[in-house]
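Everything below concerns the one structure shown next.
To find a chain, count down the sequence lines: A is the first, B the second, and so on, and within it residues start at 1.
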There are 2 protein chains.
Amino acid sequence: MVQAQTLSRNQQIVLDIIEKAKGPLKAYSILFNVQKKGINAPQQIYRALDKLIEMGKIHKIESKNAFVACRNSDCEISKATAFSICESCEMVDEISDAKLSKYLSSFNHKKGMKFKRFNLEFFGLCKKCK
Amino acid sequence: MVQAQTLSRNQQIVLDIIEKAKGPLKAYSILFNVQKKGINAPQQIYRALDKLIEMGKIHKIESKNAFVACRNSDCEISKATAFSICESCEMVDEISDAKLSKYLSSFNHKKGMKFKRFNLEFFGLCKKCK
DNA sequence: TAACGTTTGTTATAATATAACATATTTGAG
DNA sequence: CTCAAATATGTTATATTATAACAAACGTTA
Ligand SMILES: [Zn+2]
Ligand SMILES: [Zn+2]
Ligand SMILES: [Zn+2]
Ligand SMILES: [Zn+2]
């Protein structure tokens with residue numbers, strides 16, 4: 001079972017950094033940023049990241065191997081994620097669109113596979129970079 | 001401009017391996033499989049992979065850091081990809097669904113971003129593993 | 001308190017990917 | 001054809017991302 005609310009020390013430290021960041025953060029960049037707080041090893045970062053993902057507090061942007069805070073309170077614990085990603089400035093924005101989410105959650109593959117989860121990444125140029 | 005048809009030697013070798021495979025292949029597993037053909041270094045694999053992706057001959061499964069052959073002749077040069085992925089047996093199947101593709105290709109983000117490309121990964125259990 | 005699950009700390013290593021540079025091959029404009 | 005440009009190759013080294021394995025501490029709660 002996944003913790004409901006309380007975060008452990010390291011989990012809180014990692015989450016704080018990710019939430020404060022303006023864009024996606026990479027694991028080792030998080031590591032370098034928390035060495036002053038006594039976290040020294042990648043394992044400590046990756047363990048915190050894993051738990052935070054399970055809890056739906058953060059998401060991994062697979063195409064970038066980077067992590068963002070969930071800005072979407074009704075995001076169903078990372079079961080249905082969608083992002084828009086700027087190919088120029090690296091900006092990532094979590095898409096919260098009920099229709100899209102419903103459409104994809106009820107999508108059924110012809111070959112009889114029932115999906116439990118999806119992740120969708122859109123790429124383009126953001127307003128600034130256009 | 002991207003090559004239309006002809007593949008270079010290394011590109012052909014790498015593509016052959018990926019097309020023959022039953023599931024997604026990782027870069028280093030490709031490397032180990034082609035060392036008898038005189039390819040010795042990761043660079044040679046990654047360069048071939050990059051070109052094959054540009055050409056739309058293969059796709060990268062981002063959540064697995066692995067590569068599959070495109071089975072979808074009308075797949076618009078990797079601009080609109082969707083996959084179903086079994087969480088148990090690792091099977092990957094490229095989804096070719098005109099409606100889904102159209103729906104996502106015409107999806108417009110509220111925040112004014114126009115998308116050039118998307119990648120969608122569905123996760124679940126395939127028929128065998130269910 | 002005793003037992004259990006979870007978190008932490010730590011060292012080492014595995015797996016994935018790119019940099020940089022030299023050479024070779026292919027292609028196409030003139 | 002010929003030379004220049006673009007593309008592809010070979011090679012060594014290194015950067016980046018992620019996990020294994022083990023020991024110790026902490027926080028339940030029965
Ligand atoms: Zn979310
Ligand atoms: Zn941008
Ligand atoms: Zn395809
Ligand atoms: Zn399966």
Next item on the list: Mind jotting down which residue pairs meet the side-chain hydrogen bond (donor to acceptor under 3.5 Å, both in side chains) criterion with at least one end in residues 15-30 of chain A? Sequence neighbours excluded, please.
Entry: A:Q12-A:D16
Next item on the list: For A:L31 and D:dA18, give me the distance from atom CG to atom C1', rounded to whole Å.
Entry: 12 Å
Notebook entry, point to check: Of all the nucleotides listed (D:dA8, C:dT7, C:dA17), which has the minimum atom distance to the side chain of B:K60?
Noted result: C:dA17
Check: In chain order, what residues pass the ring-ring contact (aromatic ring centres under 6.0 Å, His included) check against B:F83, with sequence neighbours excluded?
Finding: B:H59
Next item on the list: Report the distance from atom CD1 of B:I13 to atom P of D:dA8, rounded to the nearest whole Å.
Entry: 14 Å
Next item on the list: Please list, chain by chain and in numerical order, all residues satisfying ring-ring contact (aromatic ring centres under 6.0 Å, His included) with A:F115, sequence neighbours excluded.
Entry: B:F122
Item checked: Rounded distance in Å - OH (B:Y46) to C1' (D:dT17) -> 11 Å
Next item on the list: Measure the angle between the two terminal helix axes of the helix from C:dT1-D:dA30 to C:dG30-D:dC1, five base pairs each, and quote it to 10°.
Entry: 40°
Distances under 3.5 Å between nitrogen or oxygen atoms of protein and nucleotides 10-14 of chain D:
unit_1, atom_1, unit_2, atom_2, d
D:dG10, OP2, B:N10, ND2, 3.0
D:dG10, OP2, B:Q44, NE2, 2.5
D:dG10, O5', B:Q44, NE2, 3.4
D:dG10, N7, B:R47, NH2, 2.5
D:dG10, O6, B:R47, NH1, 3.0
D:dG10, O6, B:R47, NH2, 3.4
D:dT11, OP2, B:N40, ND2, 3.2

Notebook entry, point to check: Rounded to the nearest Å, what distance is computed from the CD atom of residue B:Q12 to the C1' atom of nucleotide D:dA8?
Noted result: 15 Å
Notebook entry, point to check: Could you give the CD1-to-P distance, from B:I45 to D:dA8, as a whole number of Å?
Noted result: 15 Å
Notebook entry, point to check: Side chains of B:V92 and B:K64: does their closest heavy-atom pair fall under 4.5 Å?
Noted result: yes
Notebook entry, point to check: Between A:S8 and C:dT6, is there a side-chain N or O to OP1/OP2 distance below 4.0 Å?
Noted result: no
Next item on the list: Quick one: closest heavy-atom pair of A:M113 and B:I85, and the distance?
Entry: CE-O, 3.1 Å
Check: Are side-chain N/O atoms of A:H109 and B:D93 paired as donor and acceptor at under 3.5 Å?
Finding: yes
Item checked: Name of the residue among A:L31, A:L52, A:L25 meeting side chain to side chain contact (heavy atoms under 4.5 Å, CB included) with A:V14 -> A:L52
Checklist line | Separation of atom CE in B:M55 from atom C1' in D:dA8, rounded to whole Å | finding: 11 Å
Margin query: Quick check: is A:F107 connected to B:F123 through a chain of hydrophobic side chains (ILVMFWY, heavy atoms under 4.5 Å apart)?
Written below: no
Notebook entry, point to check: For C:dT7, does either OP1 or OP2 sit under 4.0 Å from a side-chain N or O belonging to A:K51?
Noted result: yes
Next item on the list: Sort and list the pairs that fulfil side-chain hydrogen bond (donor to acceptor under 3.5 Å, both in side chains) and have at least one residue in residues 121-130 of chain B, not counting sequence neighbours.
Entry: B:S63-B:E121, B:N119-B:E121
Item checked: Value in whole Å for how far the P atom of D:dA15 lies from CG of A:N65 -> 18 Å
Next item on the list: Let me know the distance between CG of B:D50 and P of D:dT9, rounded to the nearest Å.
Entry: 12 Å
